[in-house]
Amino acid sequence: MADPNAVPFFDDDEPPTPRPSGIAARAMAGVMQARTGAAGNYLEGLNPEQREAVETTEGPLLVLAGAGTGKTRVLTTRIAHILATGRARPSEILAVTFTNKAAREMKNRVASLVGDVAEGMPWLGTFHSIGTKILRRHAELAELKSSFTILDTDDQIRLLKQILSAENIDEKRWPARSLAWAIDGWKNRGLAPKDVPPGDGAAIANGRGKDLYALYQERLKTLNASDFGDLLLEPIRIFREHPDVLEQYHRRFRYMLVDEYQDTNVAQYLWLRLLAQGPRNLCCVGDDDQSIYGWRGAEVDNILRFEKDFPGAKVIRLERNYRSDAHILGAASHLIAHNEGRLGKTLRPQGEDGEKVTVTGSWDSGEEARSIADEIETVHRKGGQLNDIAILVRASFQMREFEDRFVNLGIDYRVVGGPRFYERQEIRDALAYLRCVNSASDDLAFERIVNVPKRGLGDVTVQALQRFARSTRIPLLQAAQEMADTSEFKPKPREALKTLTQNFARWTKASEEMKHTELAEMVLDESGYTEMWRQDRSADASGRLENLKELVRSMDGFENLQGFLEHVSLVMDTESGANDDKVTLMTLHAAKGLEYDVVFLPGWEEGLFPHQRSLDESGRAGLEEERRLAYVGLTRAKKRAKIYFASNRRIHGMWQSSLPSRFLDELPNKHVEVTEAPAAFSNRGFGESRFDRLEPFQASTYNTPGWQRAQARKDSGFAEPRAGGFNRRGGPVVIEGELVAKSTANAASYVVGERVFHDKFGYGEVIEVEGNKLMVAFEKADTKRVIDSFVKRV
DNA sequence: GATCCATTTGTTTTT
DNA sequence: CAAATGGATC
């Protein structure tokens with residue numbers, strides 16, 4: 001696309017027409033009904049709450065949709081309803097999701113409800129794709145051309161490294177990675193360089209964090225580039241500084257829908273709030289109990305304070321769970337009840353009790369993998385589909401053991417969320433070539449491939465090119481072209497540059513008449529890139545060549561090179577069409593939104609799950625997020641949820657003993673079954689993990705059965721009988737209490753006289769406060785000492 | 001400019 | 001224990 005201004009940003013750029021009303025609306029609805037046949041029935045089969053959520057079209061609405069309560073169904077039906085009743089045209093609905101997968105699914109499901117009309121929903125997409133669309137349209141207001149490129153993380157880091165070295169900052173002490181992380185964080189919080197609080201940048205590069213951020217932004221503009229954060233941040237700035245632009249969108253978006261609202265960060269929130277200032281028909285769907293991306297900037301607060309932000313908001317709770325059997329749901333609900341600051345939902349099972357959640361201990365991670373694999377074989381032999389089985393792990397290193405085992409046993413498996421296709425080295429290299437052909441000024445892409453394959457163009461040459469390019473304000477490729485004609489370089493690099501630039505000139509010319517797939521093949525061959533991998537005798541070289549072929553094949557579905565490149569930068573996942581029967585192996589994070597008949601949950605050990613780092617870095621909030629992760633894991637299961645923990649696990653190559661996760665203690669007895677009295681208990685002591693780090697040898701003295709029994713008795717006065725006697729950790733109250741105390745430093749504490757509610761003991765009054773421990777006089781029980789996080793204010 | 005060894009550093013991940 | 005960086009060497 002030669003002239004970027006010719007890109008049709010709005011599918012219907014005619015001036016806004018008066019909205020169809022009265023007869024027109026009814027006629028329109030009639031048309032749709034006639035076209036789709038089934039359209040009139042879309043409301044059937046919804047339960048009363050779902051139906052209310054669909055039909056409450058006007059005004060702000062928060063739908064609290066617990067796991068498995070038909071959230072996507074509500075969203076899609078709501079869109080169908082708005083369309084079918086003629087309240088808005090497809091192009092007047094803004095519907096945002098986080099992932100491309102969710103967007104795709106929503107599009108498909110709306111289409112199946114109302115027919116092809118959904119194809120014309122130009123504003124259904126991810127935050128980032130919609131942000132891109134807006135930014136391209138108003139690029140000039142952000143000092144960009146509408147053809148700007150979108151940087152991936154690799155480019156971002158490379159750019160930051162350049163800035164750091166230009167500023168003479170020791171990259172060893174202040175790695176580009178952490179600067180990138182900080183900038184990302186600021187962008188997530190909606191902060192431009194000037195808004196960064198002084199204290200924030202201080203911890204980075206001797207207080208130069210803020211400057212560096214500003215420099216980075218400057219460089220982005222000159223490169224005509226934007227990173228992921230800018231795709232949201234720049235529209236926010238444009239909306240704020242140009243009310244007329246914002247108003248255009250107010251007129252356009254009559255209805256707004258947001259999926260997974262609990263995952264929004266501050267920037268996304270601001271973006272939404274600006275847009276929702278117009279027609280206040282904003283519908284957010286989410287589940288505070290499934291917020292697991294806090295570490296990435298998501299603010300559970302956004303969902304917790306929805307009613308405050310949007311006065312008059314209606315809140316509808318979806319609590320009927322159609323997914324899991326009662327035992328699974330009971331276990332999950334009880335677990336998550338240990339979290340504070342929830343909006344609170346009670347998931348109600350719709351089906352039968354089903355099987356209890358099982359908890360199995362094993363000696364080490366190998367045994368754990370073996371018993372899970374055996375179990376899977378059994379299920380499979382009995383005719384169960386492997387597709388209905390998933391193993392959900394906390395950290396990806398846990399996957400290896402399962403993979404090994406599956407390979408041995410010949411069980412087919414797939415790993416979800418491994419290294420993504422577009423993130424592979426060979427794919428990024430190939431894309432860099434194409435980016436250069438597509439836009440001669442894509443300096444970052446050029447830098448990536450100047451010397452890949454090796455052409456003898458190293459640091460020295462590239463630096464010279466950069467100096468020249470910067471001083472004359474021309475792109476690197478052009479600089480290369482011009483310098484190749486001078487005697488600046490020695491003959492060898494000069495020749496290499498000449499060949500390269502001539503190649504690019506030829507390719508760019510060819511791109512005008514050639515089909516883009518053929519062009520890609522030509523570029524990759526003539527540049528010597530494919531040859532490079534053919535020469536490579538390492539094991540994965542042939543796989544990489546295969547990937548390159550796959551890349552070219554996947555380009556087929558696109559109009560042109562430009563369209564394909566845009567897709568790649570925003571859509572990092574590739575549709576894996578494999579429909580064979582395989583066990584799914586993935587992280588808990590990747591599992592959100594999915595469901596399986598049988599779910600295996602290995603690795604429930606202190607330190608791994610909840611993850612130590614989460615506890616260290618985010619304290620109580622971290623613990624609660626881990627707990628939500630456990631909740632997400634359990635609620636993926638329809639029929640069977642099976643939890644495992646091992647007493648020994650190899651971490652960083654060293655065997656370490658581990659204790660069962662505290663989450664196991666938080667499972668209710670009546671929904672849980674301990675399948676084996678694990679060797680784990682007789683070998684591992686109580687209260688060990690916290691002490692053995694300080695006094696490694698003392699720990700072993702605690703390993704005698706007698707000591708353990710003593711500890712178990714000591715523990716028995718507290719709380720309910722624990723699941724299967726998992727009363728590890730002698731005096732867990734104190735130990736846990738201190739642990740929590742450390743992390744709760746700034747959590748709101750209780751005051752004497754406050755009325756509180758405790759899950760087990762009922763209502764009571766606080767009579768003493770000591771740190772995070774409370775003495776509470778319960779109405780229906782004695783006075784007990786409890787941890788503040790176990791009670792709620794009334 | 002390229003290659004080899006030593007040192008480091010190990011969650012979760014979309015766009 | 002391994003991968004992935006980075007620095008020192010050829």
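Quantities reported herein were computed from a predicted structural model and do not represent experimental measurements. For the numbers below, each heavy atom of this structure counts, side chains included, while hydrogens, waters and symmetry mates do not. Every chain is numbered from 1, with letters handed out A, B, ... down the list of sequences.
- Proximity note for A:T587 (side chain, C-beta onward) versus B:dT3, B:dT12, B:dT15: the nearest is B:dT12.
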Once each nucleotide of nucleotides 2-10 of chain C is scored for protein heavy atoms under 4.0 Å, what B/S/- sequence comes out, 5' to 3'? ----SS---

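- For the pair A:E625 and A:T461, both in contact range of DNA chain B, the more 5′-proximal nearest nucleotide belongs to A:T461.
- Between the side chains of A:T584 and A:R414, at least one donor-acceptor pair of N or O atoms lies under 3.5 Å.
- For the P atoms, the distance linking C:dT5 with B:dT12 amounts to 15 Å, nearest Å.
- If you find the closest nucleotide of DNA chain B to A:H589 and to A:L570, the one lying nearer the 5' end belongs to A:H589.
- For A:Y293, taking side-chain heavy atoms from C-beta onward, the closest of the listed nucleotides B:dT13, B:dT15, B:dA2 is B:dT13.
- If you check B:dT13, B:dT15, B:dA2 against the side chain of A:N451, the one that comes closest is B:dA2.
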Report, as a single string ordered 5' to 3', how protein heavy atoms within less than 4.0 Å touch nucleotides 5-11 of chain B: B base, S sugar-phosphate only, - not at all. -----BB

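- Of the charged side-chain nitrogens involved, none lies within less than 4.0 Å of a carboxylate oxygen, so that A:R544 and A:E550 do not count as a salt-bridged pair.
- Across all strands shown, A:D459 has heavy atoms under 4.0 Å from sugar-phosphate atoms exclusively, and none from any base.
- Side-chain contact annotation: A:E299 with A:Q262, donor-acceptor N/O pair under 3.5 Å absent.
- Of the candidates B:dT15, B:dT14, B:dA2, B:dT15 carries the atom nearest the A:N100 side chain, counting heavy atoms from C-beta on.
- Of the residues in residues 223-230 of chain A, those with a non-hydrogen atom less than 4.0 angstrom from any atom of DNA chain B are A:F228.
- With hydrogens and angles left out, the side-chain atoms of A:E426 and A:N547 include a donor and acceptor closer than 3.5 Å.
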